[in-house]
Amino acid sequence: MNKVNDFGPVAARLLMAALFLLAGLGKLADVQGFAGYLTSGGLPAFLAWPSILFEIAVGVLLVIGYQTRIVGLAGAAFCVVAAALYHNNFADQTQMVMFLKNLAIAGGFLLLSANGAGKFALDK
């Protein structure tokens, strides 16, 4: 069980970081398109860059395990807001699954916030 306690948190951080890093870096290829998508959910287009930088920062901070409890809270809030604004068409099964995926990721972030980064991290 010690191996799970040692490696579980770092595995969770790396898996979640992969999602956020790829999402943030992918948005760099079409910032204008992403800005348009933001407006479809009711947010102003000027939040495109802060959102992209947030996703990349969350990914990097999870990889190195720095300020994990704070990143966990911020990441959970981000996922819940994204779910509520962009995946709220429950008549579309894909959107419902995306909504639930975001809530599940928020749950993972809350676990990181509650339990910390684990053994292999800058946080101690």
Side-chain angles (χ1 to χ4, degrees):
M1 199 61 172
N2 284 343
K3 295 286 186 202
V4 172
N5 290 338
D6 288 347
F7 293 102
V10 71
R13 289 191 347 256
L14 292 175
L15 291 169
M16 293 172 76
L19 175 67
F20 275 77
L21 282 171
L22 290 174
L25 293 172
K27 288 176 178 89
L28 289 175
D30 187 12
V31 176
Q32 291 290 48
F34 176 60
Y37 181 67
L38 280 179
T39 62
S40 75
L43 293 176
F46 75 83
L47 290 178
W49 276 107
S51 179
I52 291 167
L53 295 175
F54 176 82
E55 288 188 66
I56 293 169
V58 164
V60 170
L61 292 170
L62 287 175
V63 167
I64 64 175
Y66 183 69
Q67 296 295 320
T68 305
R69 293 180 189 272
I70 295 169
V71 170
L73 290 175
F78 182 88
C79 288
V80 170
V81 168
L85 293 178
Y86 298 98
H87 304 298
N88 55 21
N89 179 7
F90 299 132
D92 179 348
Q93 185 176 7
T94 300
Q95 288 301 311
M96 184 172 57
V97 169
M98 297 290 278
F99 180 87
L100 294 171
K101 172 204 53 104
N102 276 38
L103 293 186
I105 295 167
F109 272 124
L110 291 174
L111 279 171
L112 286 176
S113 181
N115 296 308
K119 184 175 181 179
F120 303 104
L122 290 179
D123 287 348
K124 293 295 173 202

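One-based numbering along the sequence shown. Everything quoted here is computed from the prediction, not taken from an experiment.
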Side-chain atoms of residues 82-96: list all donor-acceptor pairs with protein atoms under 3.5 Å, sequence neighbours left out, distances to 0.1 Å.
| from | atom 1 | to | atom 2 | distance (Å) |
| --- | --- | --- | --- | --- |
| Y86 | OH | L38 | O | 2.7 |
| H87 | ND1 | Q95 | OE1 | 2.8 |
| N88 | ND2 | A84 | O | 2.8 |
| N89 | OD1 | A91 | N | 3.3 |
| D92 | OD1 | T94 | N | 3.0 |

Can you give me every donor-acceptor pair (side chain of residues 19-31, partner residue at least two apart or in another chain, under 3.5 Å) with its distance?
| from | atom 1 | to | atom 2 | distance (Å) |
| --- | --- | --- | --- | --- |
| K27 | NZ | E55 | OE1 | 3.3 |
| K27 | NZ | E55 | OE2 | 2.8 |
| D30 | OD1 | G33 | N | 2.9 |

Show me the side-chain donor-acceptor pairs of residues 97-104 shorter than 3.5 Å, one per line, residues at least two apart or across chains.
| from | atom 1 | to | atom 2 | distance (Å) |
| --- | --- | --- | --- | --- |
| N102 | ND2 | C79 | O | 3.3 |

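Listed by first then second residue, pairs satisfying salt bridge (Lys or Arg N to Asp or Glu O under 4.0 Å) with a partner in residues 71-81 number zero, not counting sequence neighbours. Residue pairs meeting the salt bridge (Lys or Arg N to Asp or Glu O under 4.0 Å) criterion with at least one member in residues 73-86: none, sequence neighbours excluded. For the side-chain hydrogen bond (donor to acceptor under 3.5 Å, both in side chains) condition, no pair includes a residue of residues 39-48, sequence neighbours left out. For residues 106-123, the pairs satisfying side-chain hydrogen bond (donor to acceptor under 3.5 Å, both in side chains) are T68-D123, with sequence neighbours left out. Residue pairs that meet the side-chain hydrogen bond (donor to acceptor under 3.5 Å, both in side chains) test with at least one member in residues 45-54, sequence neighbours left out, do not exist here. Every pair tested for salt bridge (Lys or Arg N to Asp or Glu O under 4.0 Å) that includes a residue from residues 62-82 fails, sequence neighbours excluded, so the list is empty. Screening residues 102-111 for salt bridge (Lys or Arg N to Asp or Glu O under 4.0 Å), with sequence neighbours left out, gives no hits.
More than 12 heavy-atom neighbours from other residues, nucleotides or ligands sit within 6.0 angstrom of CZ on F120.
Hydrophobic clustering, with ILVMFWY side chains joined whenever heavy atoms are under 4.5 angstrom apart, keeps F7 apart from L15. By the criterion of side-chain heavy atoms lying less than 4.5 angstrom apart, applied directly or through intervening Ile, Leu, Val, Met, Phe, Trp or Tyr residues, I70 is not grouped with M16; the two fall into different hydrophobic clusters. No continuous path of hydrophobic side-chain contacts links L111 to V10 [ILVMFWY only; heavy atoms under 4.5 Å].
Residues meeting the ring-ring contact (aromatic ring centres under 6.0 Å, His included) test with F54, sequence neighbours left out: F78.
Shortest non-hydrogen contact noted between G65 and A117 is O-CB, 4.0 Å. When all heavy atoms are compared, the tightest approach of L112 to R13 is CD2-CG, 3.9 Å.
By the 4.5 Å side-chain criterion applied to Ile, Leu, Val, Met, Phe, Trp and Tyr, L73 is assigned to a cluster that also includes L110.
Within the 4.5 Å cutoff, no side-chain heavy atoms of L14 are placed close to those of L62.
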